[in-house]
2 protein chains.
Amino acid sequence: MTGNRAGATLEQVAAHIGVSRQTVSNALNAPHKLHPDTLERVQAAIEELGYRPNRSARGLRTRSSGMIGYRLTPRDRGVLTPLMDDFLHALCAAAEARDRHILLFTAPLGDEGLSVYADLLAQRAVDAFVLAETVVGDPRPGWLAERGVPFAAFGRTWGPGQAGAWVDVDGAHGMAQVVEHLHSLGHRRIGFLGWREGDGVGDDRLRGWRGSAEGLGLSTEDGLIVRGANTIDAGRSGAAVLLNSAEPPTALVAVSDAVALGALALLAERGVSGGVAVTGFDDSPLASATLPGLTSVRQPLERVAEHILLLLDNQSVSGSLLRPELVVRASSERR
Amino acid sequence: MTGNRAGATLEQVAAHIGVSRQTVSNALNAPHKLHPDTLERVQAAIEELGYRPNRSARGLRTRSSGMIGYRLTPRDRGVLTPLMDDFLHALCAAAEARDRHILLFTAPLGDEGLSVYADLLAQRAVDAFVLAETVVGDPRPGWLAERGVPFAAFGRTWGPGQAGAWVDVDGAHGMAQVVEHLHSLGHRRIGFLGWREGDGVGDDRLRGWRGSAEGLGLSTEDGLIVRGANTIDAGRSGAAVLLNSAEPPTALVAVSDAVALGALALLAERGVSGGVAVTGFDDSPLASATLPGLTSVRQPLERVAEHILLLLDNQSVSGSLLRPELVVRASSERR
DNA sequence: CTGAAAGCGCTTACAG
DNA sequence: CTGAAAGCGCTTACAG
């Protein structure tokens, strides 16, 4: 951290202690090849001069940039996905732990977007990609796999024959934890506020609710299910439908925090907050900001990011399904 | 976009049409130096071979990486700042328009974080930095300016003698638009739900409310102001304080969307939604997701990002203050 | 264990 | 307007 912007070069470090450039390079890349005394001298010189290998030079020589490409998803107004924010942070930290960095880019969805990936590759600006928010029919996994480009996806593509490595969170298991939690509190009629059919993540969570409810001998009849958009409004109106039914549930399991927030709002308006339990999913900032605090399911984003980096280096594992964690707050407790 | 991962080199393009490497390089970097016919031939070859200059090679030679460093802020749980998400997207797009990319990194706040900046610079991994969410006493602007590192900040540092270029949104002007809007709808007693004193942004917005209210002859007495955290809860309890006062306001101006949401929730609970106007600030996804839609002030993030990129290349401008835009929705309309 | 050499793919003065 | 040359800073076989 000397003031010089230019920065020392490997050559200068070598000259400083009278060894060859090769020796300094070895100290960095193959320390076992050096005599311990020499290694120590070199390391001291590196420290003293604040030397750091030039990324471009190293990249040119090794044919790798040390960069991992990540497409930033444009946010639709009105859609709440604070989760990807946290994931990006976790991914960034995981990359840094391996002396790599995230290169951000934007690209259209679908086939048109592929030229951006091709361009980044042609420039050798990135070594690999991390895919997030893959959709059904996403062309990217196949396209990258064909070209032998290392990549890993956060989220299964839910299509047949998925190409490439993925890491995902076991939404069904998360929902099962929620249902068991509510059951243990005495709830015997549990409604589900879901997304519209066709979303892999949403359908997986619904499966989890249904499977565990059935396993506990609870009803999963159609009248207990309302589906809609991933908005606060949809949660509010969905909750109204369930609570106005002939045999209303005593607990509302929402597919996401946004939907759960709508249900909480409705209960607050009706002044029946105390009677009906509500749960969300994702443990977004919203979950702990609201009153009562929202019981939710936390995605293990740090572990997801770690696994993704692992898969990038080791393409022999095809996928990992990680278990999320139930976070209990006041919204699920009967009062 | 031929299938070859290796990618063509400048040399191969040159050989393909029998010119020297220099000619191809000129076609890219100084096209005016070439005969139009030659230029066309080279461009055709570049297109045909899908040639893109190798970033590492170019970076090594030009001593610039084409990368702009951006520190990802770790999110505290319970704090809603969807805005930075959108800013990052705008920044990424603006960088791409200039054939540059964003390199993400994490770093601790304060002086300890500076070594991360030093490291990135020593590796020549980035050419410049974009600073966001600068805080009072932030060491980064001074540190970077001292070293002659190009940078620009989103947000004034609010301290004396700010180093380096900045772009910011005129929060006071945004608030003035809000107050004038409410005044034109007939409101004569307008409360303010703010953040605690000491936050540059929050204080600026309060100034805007006060200044325009006074200009319109409205009261700005202390009893019309409640300050607290940037949470939904704080908005809820703050709204309760104002509405329970002896002379309650007919409109609540919140310093942020999160705070406004709390106010809306309280009104919904009390069943008086129709009587009291509420406004937010930032026009976050929350603003349009809620019912009634939240009148808010939209930060011109695309223009902020454009200006920041401009300042990076032209350090002769010290700052730009951009005007935000009022977005009127149902929450501010008397019914 | 250490040192001299080649070369990654580009850009940019410099001659012609 | 075009071409041969040097060199950016590194890594990695290859001799010694």
Side-chain angles (χ1 to χ4, degrees), chain A residues 4-43 45-46 49-67 99 120-127, chain B residues 4-43 45-46 49-67 99 120-127:
Chain A
N4 62 330
R5 268 205 72 201
T9 66
L10 190 149
E11 174 128 45
Q12 290 168 338
V13 175
H16 191 68
I17 49 173
V19 297
S20 75
R21 304 205 313 250
Q22 158 84 310
T23 304
V24 180
S25 183
N26 278 341
L28 258 27
N29 302 310
H32 62 274
K33 290 189 179 173
L34 296 193
H35 188 89
D37 296 353
T38 314
L39 181 58
E40 202 173 320
R41 275 175 57 222
V42 176
Q43 284 169 340
I46 286 174
L49 298 179
Y51 170 69
R52 298 286 278 128
N54 180 305
R55 281 254 171 199
S56 295
R58 175 177 268 182
L60 176 59
R61 183 57 233 241
T62 63
R63 298 166 163 287
S64 75
S65 63
M67 304 291 300
D99 199 27
L120 253 10
L121 251 13
Q123 295 182 71
R124 291 195 169 282
V126 302
D127 303 331
Chain B
N4 62 331
R5 267 206 74 203
T9 66
L10 190 148
E11 174 129 43
Q12 290 167 338
V13 175
H16 192 67
I17 49 171
V19 298
S20 75
R21 305 205 313 252
Q22 157 84 312
T23 304
V24 180
S25 182
N26 277 342
L28 258 27
N29 302 308
H32 62 275
K33 291 189 180 174
L34 296 193
H35 189 88
D37 296 353
T38 315
L39 181 57
E40 204 173 317
R41 274 175 59 220
V42 176
Q43 283 170 340
I46 286 174
L49 299 179
Y51 169 70
R52 297 287 280 128
N54 181 305
R55 281 254 172 201
S56 295
R58 174 177 266 183
L60 176 57
R61 182 59 233 239
T62 63
R63 299 166 164 288
S64 75
S65 62
M67 305 291 300
D99 198 28
L120 253 11
L121 251 13
Q123 296 181 70
R124 290 196 170 281
V126 301
D127 303 331

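In this text, all values refer to a predicted model and were calculated from it rather than measured experimentally. Letters A, B, ... are given to chains in the order of the sequence lines, protein chains preceding strands, and every chain is numbered from 1.
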**Q.** Partner set under salt bridge (charged side-chain N to carboxylate O under 4.0 Å, His left out) for B/Asp37, not counting sequence neighbours
**A.** none
Q.
Counting the atoms with a prime plus P, OP1 and OP2 as sugar-phosphate, which does A/Leu28 contact under 4.0 Å by heavy atoms, base, sugar-phosphate, or nothing?
A. nothing
Q.
Heavy-atom nearest nucleotide on DNA chain D for A/Asn29 versus B/Thr38: which residue maps closer to 5'?
A. B/Thr38
Q) Can you give the first and last nucleotides of DNA chain D, 5' to 3', that have an atom under 4.0 Å from a heavy atom of chain B? A) D/dC1 to D/dG9
**Q.** Nucleotide forming a Watson-Crick or wobble pair with C/dA13, both distances under 3.5 Å
**A.** none
Q | Sugar-phosphate only, base, or nothing, as touched by A/Ser25 at under 4.0 Å among non-hydrogen atoms | A | base
(Q) By nearest heavy atom, map B/Asn26 and A/Arg58 onto DNA chain D; which one lands nearer the 5' end? (A) B/Asn26
Q.
Return the CD to CG distance between A/Gln123 and A/Leu121, rounded to the nearest 0.5 Å.
A. 10.0 Å
Q) Hey, does B/Thr9 reach any base, or is it just sugar-phosphate, or nothing, if we go heavy atoms under 4.0 Å? A) sugar-phosphate
Q: List the steps and the verdict of side-chain contact (heavy atoms from CB on, under 4.5 Å) for A/Arg55 and B/Met67.
A: CA-CA 11 Å; A/Arg55 281 254 171 199; B/Met67 305 291 300; over 6 Å; no
Q. Under the 3.5 angstrom rule, does the side chain of B/Ser65 hit a backbone N or O of B/Gly59 as a donor-acceptor pair?
A. no
Q) Can you check side-chain contact (heavy atoms from CB on, under 4.5 Å) on A/Leu34 and A/Thr23, steps first, answer last? A) CA-CA 7 Å; A/Leu34 296 193; A/Thr23 304; 3.9 Å; yes
Q) Rounded to the nearest 0.5 Å, how far apart are OG of A/Ser56 and CZ of B/Arg61? A) 13.0 Å
